[in-house]
2 protein chains.
Amino acid sequence: MARTALTREEVLDTAAGLVRQHGPEALTMRKLAAELGTAVTSIYWHVGNRESLLDALVERTVADLGAIRPRGASPAERVVSVARALRRQLRAHPHLVAMVHERGLTERMFLPAQRALVREVHAAGLRGARAAGAVRAVQFQVVGYVLVERNRERAPVQRPGEEELWDTAAAEGDEALARALAGPVDCDALFTASVRALVKSLLEPGA
Amino acid sequence: MARTALTREEVLDTAAGLVRQHGPEALTMRKLAAELGTAVTSIYWHVGNRESLLDALVERTVADLGAIRPRGASPAERVVSVARALRRQLRAHPHLVAMVHERGLTERMFLPAQRALVREVHAAGLRGARAAGAVRAVQFQVVGYVLVERNRERAPVQRPGEEELWDTAAAEGDEALARALAGPVDCDALFTASVRALVKSLLEPGA
DNA sequence: ACCTGAACACCGTTCAAGT
DNA sequence: ACCTGAACACCGTTCAAGT
């Protein structure tokens with residue numbers, strides 16, 4: 001006992017540590033108080049209630065995401081590099097990012113990247129609503145992909161199982177396709193290929 | 001009291017009704033028991049525990065999704081129609097589908113559509129791994145988009161706010177783009193445009 | 001200004017006991 | 001085979017009381 005004065009920062013740090021080590025479900029007010037060595041009710045003075053604590057935690061996580069530097073020779077390549085860098089960042093802190101997802105702020109994490117994308121679609125010659133549409137399309141695709149991956153990781157065993165669903169008959173005699181769909185997904189490759197395909201269409205000169 | 005015998009089906013029906021009317025957070029074992037007019041503990045005999053109850057509920061929701069009929073003249077158009085139909089289905093039962101999301105089974109809902117997609121990419125001339133990649137790319141994009149939309153609906157107010165972030169300066173002098181990015185997203189149009197763009201690239205003859 | 005313990009209203013779950 | 005109430009171990013939150 002007789003510990004040093006509690007601060008809002010300390011509460012947030014300890015809360016983040018708890019989440020990082022034992023996952024979001026371990027973050028209860030009582031466990032947090034135990035970890036801090038204070039009474040449960042002290043926390044309330046500093047952060048209001050559990051809801052605002054989570055808000056603050058998520059806010060910090062979003063703010064801590066690093067800047068993104070586009071790489072590559074063409075605008076298309078640079079857009080793809082931004083997408084890949086963002087995905088890598090999000091996968092670095094799975095638990096905290098999971099909380100960001102749960103609180104519906106996944107898109108917020110994309111905002112720093114948005115400026116970089118604007119520059120690239122401009123470089124590719126797009127303007128106005130068309131440029132905005134392209135930026136948004138990439139944004140939705142990247143954020144969506146990250147959400148899908150998280151979804152998959154949480155449900156590793158698909159109950160009927162994709163495998164038996166994809167016997168050769170169902171694949172219309174295309175055995176290579178049946179094998180590919182029955183096997184595991186190479187998420188990294190699929191992500192890159194999908195972004196590349198989308199960007200290619202979006203940046204094309206045609207209407 | 002002296003109510004008719006409790007059945008597993010009745011438990012699931014009532015649970016689904018509770019979710020449909022008051023959202024997933026209203027589904028507690030005690031509220032469910034009250035609704036059913038039984039003791040809390042009776043429920044446990046029929047469904048095991050809360051976790052399996054939710055599993056069963058989600059399973060039923062997924063199974064109840066209707067079949068999808070592709071429409072359109074070209075394979076590309078029919079792929080887009082499958083994507084749009086699926087999105088429409090998912091938006092019909094927001095609460096139950098939210099639970100499907102939370103339990104990581106969003107992709108499961110896509111399986112019925114997968115067969116239709118295989119037929120279309122075959123019709124477009126793709127085979128084997130390339131065909132499988134195309135199917136998966138569409139699958140991830142559609143599921144991802146639905147997840148993003150749900151994310152947005154849960155966080156209607158973006159705290160810094162996209163609006164003030166997109167003053168004309170940040171948009172590199174492109175005022176039409178600034179206006180477009182500051183305004184609300186036309187999710188329906190963006191979805192269709194994105195899928196169309198992706199599908200166009202994927203089904204193209206080139207490697 | 002900051003911290004505390006007691007108390008409240010909720011959870012999910014177990015279990016021995018009933019029919 | 002099915003249902004019950006009592007009890008347990010957890011929650012988040014409020015509040016009057018302390019310093």
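All values reported here derive from a predicted model rather than from experimental measurement. We name chains A, B, ... by the order of the sequence lines, and we start the count at 1 in each one.
Put simply, the side chain of L90(B) reaches to within 4.5 Å of the side chain of L65(B), judged on heavy atoms. When side chains are defined from C-beta on, L105(B) does not count as touching M109(B), because their heavy atoms never get closer than 4.5 Å. Taking 4.5 Å as the limit, some side-chain heavy atom of H122(A) sits within range of a side-chain heavy atom of R127(A).
Nucleotide dC11(D) has no partner under the Watson-Crick or G-U criteria, as no pair reaches both atom distances under 3.5 Å. Checking dA16(D) for Watson-Crick or G-U wobble geometry (two distances, each under 3.5 Å) identifies dT4(C) as its partner.
In this structure, L27(B) atom CG and dC11(C) atom C1' are separated by 13 Å, rounded to whole Å. The NZ-C1' distance, from K31(B) to dG12(C), rounds to 14 Å in whole Å. Taking atom CH2 on W45(A) and atom P on dG12(D), their separation rounds to 21 Å, with Å as the unit. Residue D55(A) contributes atom CG, which lies 16 Å from atom C1' of dG12(D) at whole-angstrom precision. Separating the CG atom of L53(A) from the P atom of dC11(D) is a distance of 14 Å, rounded to the nearest angstrom.
Within the cation-pi definition used here (under 6.0 Å to the ring centroid, within 45° of the axis), R87(B) does not qualify as a partner of Y145(B).
Using modelled atom types, one finds no donor on one side chain facing an acceptor on the other under 3.5 Å when comparing D55(B) with S52(B).
Remark: R20(A) does not engage D13(A) in a salt bridge, criterion side-chain N to carboxylate O under 4.0 Å.
Side-chain N/O atoms of H46(B) include one lying less than 4.0 angstrom from OP1 or OP2 on dC3(D). For S42(B), a side-chain nitrogen or oxygen approaches OP1 or OP2 of dT4(D) to under 4.0 Å. Residue T28(A) has a polar side-chain atom (N or O) positioned under 4.0 Å from OP1 or OP2 of dC11(D).
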### Query
Tell me, for nucleotides 13-19 of chain C in 5' to 3' order, what letter each nucleotide earns: B for a base near a protein heavy atom under 4.0 Å, S for only sugar-phosphate near one, - for neither?
BBB----
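A heavy atom lying under 4.0 Å from DNA chain C marks none of the residues of residues 6-15 of chain B.
L202(B) CG to R136(B) CZ: the interatomic distance, rounded to the nearest 0.5 Å, is 14.0 Å.
Results of the side chain to side chain contact (heavy atoms under 4.5 Å, CB included) test with V58(A) over E102(A), H101(A), M99(A), R108(A) single out M99(A) as the only residue that passes.
The two atoms that bring A116(A) and V82(A) nearest to each other are CB-CG2, 4.3 Å, heavy atoms only.
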